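Here the structure is laid out as structure tokens; the discussion comes afterwards.
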Amino acid sequence: MPQLIAVVGATGTLGRTVVEVARAEGLEVREIARSRGVDIVTGEGLDEALRGVQLVIDCFKPPTLEAEQATEWFHEAMSGLGDAARRAGVTRTVVTSIVGIDGMQDYGFYRAQLAHEQAAREHCPGTVIVRATQFHDFVGNMLVRDGDGDGDGDGDGEGLQVMEAPSQPVDTRAVAALLLRTALAEQPDELLQIAGPQVENTLDQARRLLAARGDATPVTGAPASESMSRGGMLPGPEVPTVGQTYEQWLDEHERPHDTMTGGAPRQGGDRT
């Protein structure tokens with residue numbers, strides 16, 4: 001019997017991709033997001049949204065990256081989602097997380113993300129964790145103005161900064177495909193991982209991103225956490241690597257294309 005899949009955070013970068021891939025494969029999907037009238041923290045519209053759903057894919061992110069607030073939000077969200085999922089008869093919850101967070105607890109948001117995993121296992125039925133490396137659009141979202149120490153974009157410098165560290169970015173389409181395979185599998189492993197095919201440097205990525213956009217704004221590197229600087233965002237050798245390289249992603253999504261020759265227009269993105 002066909003199974004109904006609910007995608008939580010369906011309007012974010014990854015959630016949109018999961019919805020698109022699922023529907024392209026003929027799967028029935030229900031979108032859960034505040035813009036769809038469903039709030040997993042307050043519970044507004046959640047029971048109705050989950051009615052008849054067997055599988056949940058969690059692609060949401062908190063409204064803040066501040067560690068304590070994000071941790072509290074994750075606990076509230078997973079508790080509410082888990083209670084509603086059990087009432088609906090959901091049998092599996094696939095939770096999206098980040099490669100390497102066990103060893104990067106000196107970065108506040110990754111502490112919160114680990115709490116997200118723990119809360120999901122505690123509250124949600126049939127929890128499976130899928131950890132991915134950073135998405136290709138990660139660097140663009142991390143750019144801040146020079147002098148903007150709090151990361152709110154209000155720095156008064158003329159250039160941009162990005163935290164500098166090695167990474168191995170992955171295509172969201174590859175992550176979406178793995179999330180769907182995991183949701184539909186009979187007996188998936190409790191923890192799966194995925195990474196992109198090539199090691200990059202975030203400062204170099206940022207400069208190439210702006211160059212692809214025709215933007216000459218200078219970019220400098222800012223200190224990352226100690227664990228990130230020593231390669232904490234990189235996958236181990238056991239992690240499968242798939243999908244586009246960063247350069248291929250830039251060519252598809254950021255570099256201008258001649259629509260007369262069938263090229264794709266430039267697109268933006270956002271991520272965690």
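Because the structure is predicted, anything quoted here is derived from the model rather than measured.
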* Structure fact -> To the nearest 0.5 Å, atom CZ of Arg213 lies from atom CG of Leu250 at 9.0 Å

* In terms of hydrophobic clustering (I, L, V, M, F, W, Y; side-chain heavy atoms under 4.5 Å; direct or indirect links), are Leu184 and Val94 co-clustered? -> yes

* **Neighbour count above 12 (heavy atom, 6.0 Å) for Glu238 CD** => yes

* To do: Could you walk me through whether Arg36 and Thr11 pass the side-chain contact (heavy atoms from CB on, under 4.5 Å) test, one step at a time?
  => CA-CA 9 Å; Arg36 302 292 190 263; Thr11 57; 3.6 Å; yes

* CD1 on Ile57 to OG1 on Thr182, rounded to 0.5 Å -> 8.0 Å

* Asked: Counting distance only, does the side-chain N/O of Ser79 pair as donor-acceptor with the main-chain N or O of Glu76 below 3.5 Å?
  -> no

* Thr202 side chain to Val139 backbone, donor-acceptor under 3.5 Å -> no

* ILVMFWY cluster, Leu234 and Leu114 together (side-chain gap under 4.5 Å) -> no

* Should the heavy atoms of other residues, nucleotides or ligands under 6.0 Å from CZ of Arg34 be counted, would the total exceed 12? -> no

* Asked: Any sub-3.5 Å donor-acceptor pair from Arg145's side-chain atoms to Leu160's backbone N or O?
  -> no

* Just by modelled atom types, is the Val29 backbone N or O under 3.5 Å from a matching donor or acceptor in the Arg23 side chain? -> yes

* Residue pair Leu203 / Val219, side-chain heavy-atom distance below 4.5 Å -> yes

* Sub-4.5 Å side-chain heavy-atom contact between Gln134 and Ile98 -> yes

* Kindly say whether Leu191 contributes a backbone atom to a donor-acceptor pair with the side chain of Arg131 at under 3.5 angstrom? => no

* Asked: Do Thr93 side-chain atoms and Pro125 backbone N/O form a donor-acceptor pair below 3.5 Å?
  -> yes

* Can the ring centroids of Phe138 and Phe135 be said to lie less than 6.0 angstrom from one another? -> no

* Looking just at side-chain N and O atoms, do His116 and Asp58 make a donor-acceptor pair shorter than 3.5 Å? -> yes

* Close side-chain approach of Leu209 and Glu254, heavy atoms under 4.5 Å -> yes

* Asked: Is the closest side-chain heavy-atom distance between Arg86 and His123 below 4.5 Å?
  -> no

* Heavy-atom pair of closest approach, residues Pro169 and Pro197 -> O-CD, 4.2 Å

* **Exceeds 12 heavy-atom contacts within 6.0 angstrom, atom CD of Glu25** => yes

* Look up atom CD1 in Ile101 and atom OG in Ser227, then write down how far apart they are to the nearest 0.5 Å. => 11.5 Å

* To do: Check the side chains of Gln205 and Ser167 for a donor-acceptor pair under 3.5 angstrom, ignoring hydrogens and angles.
  => yes

When the side chains of residues 171-181 are checked against the rest of the protein, which donor-acceptor pairs come out under 3.5 Å, sequence neighbours left out?
residue : atom : partner : partner atom : Å
Asp171  : OD1  : Arg173  : N            : 3.1
Asp171  : OD1  : Arg173  : NE           : 3.4
Asp171  : OD2  : Arg173  : NE           : 3.1
Asp171  : OD2  : Arg173  : NH2          : 2.9
Arg173  : NH1  : Glu252  : OE2          : 3.1
Arg173  : NH2  : Gln244  : OE1          : 3.0
Arg173  : NH2  : Glu252  : OE1          : 3.0

* Asked: For Leu143 and Gln161, what are the C-alpha separation, side-chain angles and deciding distance, and is it a side-chain contact (heavy atoms from CB on, under 4.5 Å)?
  -> CA-CA 6 Å; Leu143 284 168; Gln161 285 188 336; over 6 Å; no

* Any donor and acceptor pair, going by atom type alone, linking the side chain of Gln54 with main-chain N or O of Leu4 inside 3.5 Å? -> yes

* To do: For the pair Tyr110 and Tyr107, name the ring-plane relationship: parallel under 30°, tilted 30 to 60°, perpendicular over 60°.
  => perpendicular

* Asked: So Arg16 and Glu20, salt bridge (charged side-chain N to carboxylate O under 4.0 Å, His left out) or not? Walk me through it.
  -> CA-CA 6 Å; Arg16 288 196 308 269; Glu20 291 169 3; 5.3 Å; no

* Asked: Passes salt bridge (charged side-chain N to carboxylate O under 4.0 Å, His left out), Arg30 versus Glu48? Steps please.
  -> CA-CA 11 Å; Arg30 187 166 294 159; Glu48 182 178 354; over 6 Å; no

* Do the side chains of Asp189 and Val128 get nearer than 4.5 Å, heavy atoms only? -> no

* **Heavy-atom check, side chain of Arg121 versus side chain of Ile129, under 4.5 Å** => yes

* To do: Check step by step if side-chain contact (heavy atoms from CB on, under 4.5 Å) holds for Leu14 and Thr96.
  => CA-CA 9 Å; Leu14 180 60; Thr96 311; 3.5 Å; yes

* Asked: With a 4.5 Å limit on heavy-atom distance, are the side chains of Asp146 and Thr220 in contact?
  -> yes

* Asked: Does the side chain of Glu117 pick up a donor-acceptor pair with the side chain of Ser97 at under 3.5 Å?
  -> yes

* To do: Would you mind reporting whether Met104 and Ser225 have side-chain heavy atoms less than 4.5 Å apart?
  => no

* Side-chain donor or acceptor of Asn141 paired with backbone N/O of Asp137 under 3.5 Å -> yes

* Is there a donor in the side chain of Glu72 and an acceptor in the side chain of His75, or the other way round, less than 3.5 Å apart? -> no

* Asked: Any donor-acceptor pair under 3.5 Å linking the side chain of Arg208 with the backbone of Tyr246?
  -> no

* Asked: Would a distance-only check, ignoring hydrogens and angles, find a side-chain to backbone donor-acceptor pair under 3.5 Å from Gln69 to Leu65?
  -> no

* Nearest 0.5 Å please: distance from the CD atom of Glu158 over to the OG1 atom of Thr217. => 9.5 Å

* To do: Take the angle between the ring planes of Phe60 and Trp73 and call it parallel below 30°, perpendicular above 60°, tilted in between.
  => perpendicular

* Could you give me the CA-CA distance, side-chain angles and deciding distance for Asp47 and Arg51, then say whether salt bridge (charged side-chain N to carboxylate O under 4.0 Å, His left out) is met? => CA-CA 6 Å; Asp47 283 327; Arg51 187 173 293 119; over 6 Å; no

* Asked: Under 4.5 Å between side-chain heavy atoms, hopping through other hydrophobics if needed: is there a path connecting Met228 to Val199?
  -> no

* Salt bridge flag under 4.0 Å for residues Arg92 and Glu186 -> no

* Please answer: with hydrophobic residues joined when any side-chain heavy atoms are less than 4.5 Å apart, are Val8 and Leu46 in the same cluster? => yes

* Have a look at Ile32 and tell me which of Ile40, Val7, Val56 forms a side chain to side chain contact (heavy atoms under 4.5 Å, CB included) with it. => Ile40

